[in-house]
Amino acid sequence: QVQLVESGGGLVQAGGSLRLSCAASARTFGSYAMGWFRQVPGKEREFVATINWSGGSTRYADSVKGRFTISRDKAKNMVYLQMNSLKPEDTAVYYCAASPIGGVPAIGRNFNAWGQGTQVTVSS
């Protein structure tokens with residue numbers, strides 16, 4: 001089972017940037033697709049971005065396409081989410097997740113490991 005720990009959340013003004021990091025335990029990390037999801041209280045968890053096991057393929061939600069970039073450093077067992085041009089509607093708790101499924105899954109039930117989440121707040 002992959003263990004995940006997110007960091008990098010915080011408070012930023014609209015138009016600003018943040019980079020989220022996700023540290024993964026070493027065991028089998030390299031074979032997992034990695035994703036980011038977000039959730040606002042009272043709403044369902046929302047897919048944000050996924051990167052496949054090799055880092056060669058990515059997938060984004062339409063709401064973040066062109067503003068967010070997911071990447072991974074297999075040597076460091078790290079996954080990142082660079083968030084630019086942030087909007088107040090990006091405010092949420094962001095979760096890192098790992099999936100044993102090939103490709104770039106975007107459905108939460110395809111992920112079997114989750115981090116504890118990191119809060120991102122974008123002020124207007």
Side-chain angles (χ1 to χ4, degrees):
Q1 183 81 353
V2 178
Q3 294 182 328
L4 306 169
V5 178
E6 304 96 335
S7 61
L11 174 63
V12 64
Q13 288 187 334
S17 299
L18 280 176
R19 188 176 82 154
L20 304 184
S21 299
C22 175
S25 58
R27 190 165 179 262
T28 68
F29 168 74
S31 64
Y32 278 69
M34 300 298 297
W36 288 95
F37 290 76
R38 65 188 183 186
Q39 188 169 24
V40 175
K43 294 189 176 181
E44 292 191 357
R45 182 176 55 201
E46 176 187 23
F47 166 73
V48 176
T50 304
I51 189 166
N52 75 331
W53 70 272
S54 69
S57 183
T58 57
R59 184 175 183 178
Y60 296 92
D62 287 343
S63 58
V64 306
K65 203 171 293 183
R67 300 188 298 121
F68 291 11
T69 302
I70 188 172
S71 61
R72 68 189 298 165
D73 186 332
K74 297 181 74 173
K76 296 181 178 179
N77 293 339
M78 296 291 294
V79 179
Y80 305 100
L81 184 68
Q82 178 66 44
M83 305 186 295
N84 299 328
S85 301
L86 283 161
K87 304 175 181 180
E89 52 263 43
D90 293 318
T91 295
V93 176
Y94 283 71
Y95 296 91
C96 177
S99 172
I101 293 177
V104 282
I107 301 174
R109 64 174 179 267
N110 289 334
F111 291 77
N112 63 1
W114 296 82
Q116 83 288 351
T118 185
Q119 176 71 46
V120 171
T121 303
V122 184
S123 63
S124 57

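A 4.5 Å side-chain heavy-atom check between Val79 and Ile70 finds at least one atom pair inside the cut-off. Inter-residue side-chain proximity for Phe111 and Thr50 is flagged as met; some heavy-atom pair is nearer than 4.5 Å. Within the 4.5 Å cutoff, the side chain of Val122 has no heavy atoms near those of the Glu89 side chain. Counting heavy atoms from C-beta on, the side chains of Val12 and Met83 never come closer than 4.5 Å.
Nearest heavy-atom pair across Gly8 and Leu18 is O-CD2, 3.9 Å. The minimum heavy-atom distance between Ser71 and Ile51, with the atom names listed, is CA-CD1, 3.7 Å. Closest approach of Lys74 and Gly30 over heavy atoms only: NZ-O, 3.4 Å. The two atoms that bring Ser21 and Met78 nearest to each other are CB-CE, 3.7 Å, heavy atoms only.
In this structure, Arg72 is not positioned above the aromatic face of Tyr32 in the sense of NZ or CZ being under 6.0 Å from the six-membered ring centre and within 45° of the axis.
With a 6.0 Å radius and a threshold of 12 heavy atoms from other residues, nucleotides or ligands, Gln119 has its CD atom above the threshold.
Residues passing the ring-ring contact (aromatic ring centres under 6.0 Å, His included) test with Tyr95, sequence neighbours excluded: none. Among residues two or more places apart in sequence or in another chain, the ring-ring contact (aromatic ring centres under 6.0 Å, His included) test is passed with Tyr60 by none. Annotation: salt bridge (Lys or Arg N to Asp or Glu O under 4.0 Å) contacts of Lys43 (sequence neighbours excluded): none. In this view, Asp73 satisfies the side chain to side chain donor-acceptor pair (under 3.5 Å) rule with no residue, not counting sequence neighbours.
Each salt bridge (charged side-chain N to carboxylate O under 4.0 Å, His left out) pair with one or both residues in residues 3-21, not counting sequence neighbours, would appear here, but there are none.
The structure places OG1 of Thr91 at 9.0 Å from CZ of Arg38, a figure rounded to the nearest 0.5 Å.
The pair Lys87-Asp90 does not meet the salt-bridge criterion, since no charged nitrogen lies less than 4.0 angstrom from a carboxylate oxygen.
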What donor-acceptor contacts under 3.5 angstrom involve side-chain atoms of residues 96-110, with partners at least two apart or in another chain?
from	atom 1	to	atom 2	distance (Å)
Ser99	OG	Ile101	N	3.1
Ser99	OG	Asn110	O	2.7

